[in-house]
Colleague: 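This is the structure I have questions about; it appears just below.
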Amino acid sequence: MSNNKIVRSVCYFTDNPSEGVAIKLADIAKTLEDRGYLIQTKRICSSLKDIDELSDKIGDKADYLSVGTLTYDEAIERLPKFCGINNLNFNIELSSVEIDNKYAELLFRIINEKPSNTFNFTFVFNNVPSSPFFPAAHFGGNGFSIGLQPTDLSENCAILEEWFSAMKNCWDEIIEIFKDNPEFLGIDSSIAPLLGGKGSLVNFVKRLEYTFDHSVTTNIYTKITKFIKENNPKLIGLSGLMFPCLEDDELAAEYEQGNFSIERNIFLSLHSGLGIDTYPIAVDEKPERIIEILTLIQALSNKYKKPLSARFVSDGKAKIGEKTDYQNHYLADVILRGL
């Protein structure tokens with residue numbers, strides 16, 4: 001089990017990024033490693049919006065940096081610098097703005113200028129603070145939160161309840177480790193699949209003798225969501241079910257087969273998920289289609305008071321009907337479909 005105890009993200013949130021913050025982050029990671037956890041990434045999210053200052057202070061002290069939530073105007077002002085830094089993340093909150101063409105133009109500007117950084121940007125709706133998962137992370141106060149890669153814990157589990165027990169054991173252990181640390185904000189118990197095999201949520205669903213197509217109209221995803229929200233003793237952040245189209249290799253395969261349309265993604269997000277995540281977009285996609293989708297997600301998020309997001313990724317070259325070339329080991333390459 002130890003090899004499956006994977007921390008996807010340990011994230012320190014700070015209003016004063018400094019060498020001291022980086023040292024704290026490293027100490028937190030070391031503490032978890034000493035208890036048998038594998039640390040995938042160390043991250044820092046700051047309320048500081050000055051990208052130059054943030055990069056100068058701690059640019060090489062974390063795997064990923066984030067300035068959290070920006071307004072449209074703030075994003076446009078900082079976009080040249082954002083496109084010049086490979087590990088910088090941000091998001092834009094759209095729950096209470098009029099969504100027009102400028103938001104699609106912003107996305108396509110990133111696609112044209114630095115397509116790999118589409119991975120580091122998302123639109124958010126009714127976002128919540130202190131999630132360690134980027135690019136939706138948003139500063140809400142100083143301290144650190146932790147997010148696991150819990151799909152790996154499903155290895156050798158024959159039923160959902162065995163997986164639930166493995167997750168609960170890890171949450172309890174982490175809370176015990178940091179119970180006396182006043183800066184520990186909590187655990188985002190989101191299900192964050194990655195790659196194939198034991199890291200794939202779709203793989204586990206199939207091991208439970210469902211096809212993905214069949215699973216969509218069962219209660220398996222609502223059961224998972226209910227468990228992770230009700231049984232995490234120190235809940236924080238999003239704590240929902242991620243359907244990252246290209247980060248879960250077997251979900252990417254379902255996309256290529258036509259089984260994971262944008263409509264199905266939104267349906268799953270509404271009752272169990274967190275939105276559109278690493279969904280492939282072609283360079284010749286119609287901008288008005290992006291606006292239609294963002295407007296729908298805004299309406300659903302506001303109606304159901306539910307945090308949602310929309311992260312589209314492009315390689316800057318592939319058109320509808322062509323195969324992508326992301327050159328990103330976290331993203332599966334696929335033949336693109338229109339939205």
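In this text, all values refer to a predicted model and were calculated from it rather than measured experimentally. These values consider heavy atoms only, across backbone and side chains, with no hydrogens, waters or symmetry-generated copies.
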Colleague: L65 vs S46, test: side chain to side chain contact (heavy atoms under 4.5 Å, CB included). Steps then yes/no.
Modeller: CA-CA 8 Å; L65 302 175; S46 176; over 6 Å; no
Colleague: Looking at K81 and D52, is there a salt bridge between them, counting it only when a charged N and a carboxylate O are closer than 4.0 Å?
Modeller: yes
Colleague: Less than 4.5 Å apart, any side-chain heavy atom of V313 and any of I281?
Modeller: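 No, their side chains stay 4.5 Å or more apart.
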Colleague: Could you walk me through whether E173 and K5 pass the salt bridge (charged side-chain N to carboxylate O under 4.0 Å, His left out) test, one step at a time?
Modeller: CA-CA 11 Å; E173 182 179 34; K5 291 164 55 174; 3.1 Å; yes
Colleague: Please test K198 against N4 for side-chain hydrogen bond (donor to acceptor under 3.5 Å, both in side chains), starting from the C-alpha separation and ending with a verdict.
Modeller: CA-CA 9 Å; K198 64 182 182 179; N4 292 330; 2.6 Å; yes
Colleague: OG/S269 to CE/M242 distance, rounded to the nearest 0.5 angstrom?
Modeller: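 Between atom OG of S269 and atom CE of M242 there are 11.5 Å.
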Colleague: Would you say Y64 and V124 are hydrophobically clustered, going by side-chain heavy atoms of ILVMFWY under 4.5 Å?
Modeller: no
Colleague: Which class fits the ring pair Y12 and F144: parallel under 30°, tilted 30 to 60°, perpendicular over 60°?
Modeller: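 Parallel.
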Colleague: Using the rule given for side-chain hydrogen bond (donor to acceptor under 3.5 Å, both in side chains), can you reason through D73 versus T71, listing the C-alpha separation, both sets of side-chain angles and the distance that settles it, and then say yes or no?
Modeller: CA-CA 5 Å; D73 289 338; T71 65; 5.5 Å; no
Colleague: Within the 3.5 Å criterion, strictly below it, is a donor on H271 or T222 matched to an acceptor on the partner's side chain?
Modeller: no
Colleague: Hydrophobic clustering (ILVMFWY, side-chain heavy atoms < 4.5 Å, transitive) - are L274 and F260 grouped together?
Modeller: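 Hydrophobic grouping puts F260 apart from L274.
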Colleague: Is there a path of hydrophobic side-chain contacts, each under 4.5 Å between heavy atoms, that joins L294 and L268?
Modeller: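 Yes: a chain of side-chain contacts under 4.5 Å links L294 to L268.
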Colleague: Keeping T295 on the side-chain end and I291 on the backbone end, is there a donor-acceptor pair under 3.5 Å?
Modeller: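 Yes, because the side chain of T295 sits within donor-acceptor range (under 3.5 Å) of the backbone of I291.
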Colleague: Are F267 and L201 co-members of a hydrophobic cluster defined by side-chain heavy atoms under 4.5 Å apart?
Modeller: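 Same cluster: L201 reaches F267 through Ile, Leu, Val, Met, Phe, Trp or Tyr contacts under 4.5 Å.
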Colleague: Quick one: name the residues clustered hydrophobically with L185, using the 4.5 Å side-chain heavy-atom rule over I, L, V, M, F, W, Y, and just say none if it's on its own.
Modeller: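 Answer for L185: F13, F139, I236.
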Colleague: Output yes when a side-chain donor or acceptor of T225 lies under 3.5 Å from a complementary backbone atom of S272, and no otherwise.
Modeller: yes
Colleague: Is it true that, when you exclude E98 itself, more than 12 heavy atoms of the residues, nucleotides or ligands shown sit nearer than 6.0 Å to its CD?
Modeller: no
Colleague: Report the residues that fulfil salt bridge (Lys or Arg N to Asp or Glu O under 4.0 Å) with K61, sequence neighbours left out, ordered by chain and then residue number.
Modeller: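 With sequence neighbours excluded, K61 shows a salt bridge (Lys or Arg N to Asp or Glu O under 4.0 Å) to E19, given in chain and number order.
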Colleague: Please test F164 against W171 for ring-ring contact (aromatic ring centres under 6.0 Å, His included), starting from the C-alpha separation and ending with a verdict.
Modeller: CA-CA 11 Å; F164 291 167; W171 299 336; 8.8 Å; no
Colleague: What verdict does the side chain to side chain contact (heavy atoms under 4.5 Å, CB included) test give for R109 and L79, after you've listed the backbone C-alpha separation in whole Å, the side-chain angles of each residue and the deciding distance to 0.1 Å?
Modeller: CA-CA 9 Å; R109 185 174 163 187; L79 204 59; 3.4 Å; yes
Colleague: Using only atom types and a distance under 3.5 Å, with no angle test, would you say the side chain of N265 pairs donor to acceptor with the backbone of S261?
Modeller: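 Checking the backbone N and O of S261 against the side chain of N265, no donor-acceptor pair under 3.5 Å is found.
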Colleague: Taking only Lys NZ, Arg NE, NH1 and NH2, and the carboxylate oxygens of Asp or Glu, determine whether E183 and K24 approach each other closer than 4.0 Å.
Modeller: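 Looking at K24 together with E183, the answer is yes, because their closest N to O distance falls below 4.0 Å.
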Colleague: Test side-chain hydrogen bond (donor to acceptor under 3.5 Å, both in side chains) on D249 and S200; report intermediate values, then the result.
Modeller: CA-CA 7 Å; D249 287 353; S200 165; over 6 Å; no
Colleague: Verify the distance criterion only: is there a donor paired with an acceptor across the side chains of K168 and N232 at less than 3.5 Å?
Modeller: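 Checked: K168/N232 side chains show no N/O donor-acceptor pair below 3.5 Å.
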Colleague: So, E93 versus N127: side-chain donor-acceptor pair below 3.5 Å or not?
Modeller: no
Colleague: Could you state whether L235 and I187 fall into the same hydrophobic cluster, counting links through intermediate Ile, Leu, Val, Met, Phe, Trp or Tyr residues with side-chain heavy atoms under 4.5 angstrom apart?
Modeller: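 In one cluster: no.
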Colleague: Pair N302, N126 - check side-chain hydrogen bond (donor to acceptor under 3.5 Å, both in side chains), show working.
Modeller: CA-CA 7 Å; N302 287 337; N126 293 298; 2.9 Å; yes
Colleague: Going by atom types alone, do N87 and D63 pair a side-chain donor with an acceptor below 3.5 Å?
Modeller: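 Checked: N87/D63 side chains show no N/O donor-acceptor pair below 3.5 Å.
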Colleague: Counting only N and O atoms by type, is there a donor-acceptor contact under 3.5 Å from the side chain of E285 to the main-chain atoms of I320?
Modeller: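 Side chain of E285 to backbone of I320: no pair is present.
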Colleague: Is it true that D277 and R311 make a salt bridge, defined as a side-chain N closer than 4.0 Å to a carboxylate O?
Modeller: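 Salt bridge between D277 and R311, a charged N being under 4.0 Å from a carboxylate O: yes.
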Colleague: Is the closest basic N to carboxylate O distance between E292 and K286 below 4.0 Å?
Modeller: no
Colleague: If we ignore hydrogens and angles and just use 3.5 Å, is the side chain of T324 paired with the main-chain N or O of D315 as donor and acceptor?
Modeller: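 Between the backbone of D315 and the side chain of T324 there is no qualifying donor-acceptor contact (under 3.5 Å).
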Colleague: Atom CZ of F243 and atom CD1 of I266: how far apart are they, to the nearest 0.5 Å?
Modeller: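 Going from CZ on F243 over to CD1 on I266, the span is 13.0 Å.
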Colleague: Applying the ring pair (Phe, Tyr, Trp, His ring centres under 6.0 Å) test to F121, which of F134, F90, F312, F82 qualifies?
Modeller: F90
Colleague: Check whether S309 reaches the backbone of G275 with its side chain - one donor and one acceptor, N or O, closer than 3.5 Å.
Modeller: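 Not at all, since once roles are kept as given, no pair shorter than 3.5 Å links the two residues.
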Colleague: Which atom pair, heavy atoms only, marks the closest approach of I191 to P150?
Modeller: CD1-CG, 3.7 Å
Colleague: With no hydrogens and no angle check, just 3.5 Å: does a side-chain donor-acceptor pair link S215 and Y221?
Modeller: yes
Colleague: Would you say S9's side chain and P132's backbone share a donor-acceptor pair under 3.5 angstrom?
Modeller: yes
Colleague: Are K179 and E176 within salt-bridge range, i.e. N to O under 4.0 Å?
Modeller: yes
Colleague: Can you measure from OG (S47) to CG (L54) and round to the nearest 0.5 angstrom?
Modeller: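 If we round to the nearest 0.5 Å, S47:OG and L54:CG are 9.5 Å apart.
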Colleague: Whether K57 and E53 form a salt bridge (side-chain N of Lys/Arg under 4.0 Å from carboxylate O of Asp/Glu) is what I want to check.
Modeller: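 Judged by the 4.0 Å cut-off on N to carboxylate O distance, E53 and K57 do form a salt bridge.
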Colleague: Any side-chain to backbone donor/acceptor pair from R337 onto E256? Under 3.5 Å, distance only.
Modeller: yes
Colleague: Between D188 and S190, do the side chains contain an N or O donor and an N or O acceptor separated by less than 3.5 Å?
Modeller: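 Their side chains do contain a donor-acceptor pair, which is all the 3.5 Å distance test asks for.
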Colleague: Test question: given the 4.5 Å side-chain rule for I, L, V, M, F, W and Y, name all other residues clustered with I23, or answer none.
Modeller: none
Colleague: Answer yes or no: are there more than 12 heavy-atom neighbours, outside K319 itself, under 6.0 Å from its atom NZ?
Modeller: no
Colleague: How long is the straight-line distance from CD1 of I6 back to CG of L38, given to the nearest 0.5 Å?
Modeller: 5.5 Å
Colleague: Return the CG to OG distance between L308 and S95, rounded to the nearest 0.5 Å.
Modeller: 10.5 Å
Colleague: Just by distance, do the side chain of T122 and the backbone of P135 share a donor-acceptor pair under 3.5 Å?
Modeller: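 Here the side-chain-to-backbone pair does not exist.
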Colleague: Report the C-alpha distance between F125 and L300 in whole Å, list the side-chain angles of each, state the deciding distance to 0.1 Å, and finish with yes or no for side chain to side chain contact (heavy atoms under 4.5 Å, CB included).
Modeller: CA-CA 9 Å; F125 306 80; L300 293 173; over 6 Å; no
Colleague: Do R264 and D213 sit within salt-bridge range, that is, some charged N less than 4.0 Å from a carboxylate O?
Modeller: yes
Colleague: Under the side chain to side chain contact (heavy atoms under 4.5 Å, CB included) criterion, do V283 and F108 qualify, and how do the steps go?
Modeller: CA-CA 8 Å; V283 295; F108 278 99; 5.6 Å; no
Colleague: Looking at T151, is its backbone amide N or carbonyl O close enough to the side chain of S154 to form a donor-acceptor pair, meaning the two atoms are under 3.5 Å apart?
Modeller: yes
Colleague: Check the surroundings of atom CD in E288: do more than 12 heavy atoms from other residues, nucleotides or ligands lie under 6.0 Å from it?
Modeller: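 Result for CD/E288: enclosed.
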Colleague: To the nearest 0.5 angstrom, please state how far the OG atom of S189 sits from the NZ atom of K229.
Modeller: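 Spacing of OG (S189) from NZ (K229) equals 7.0 Å.
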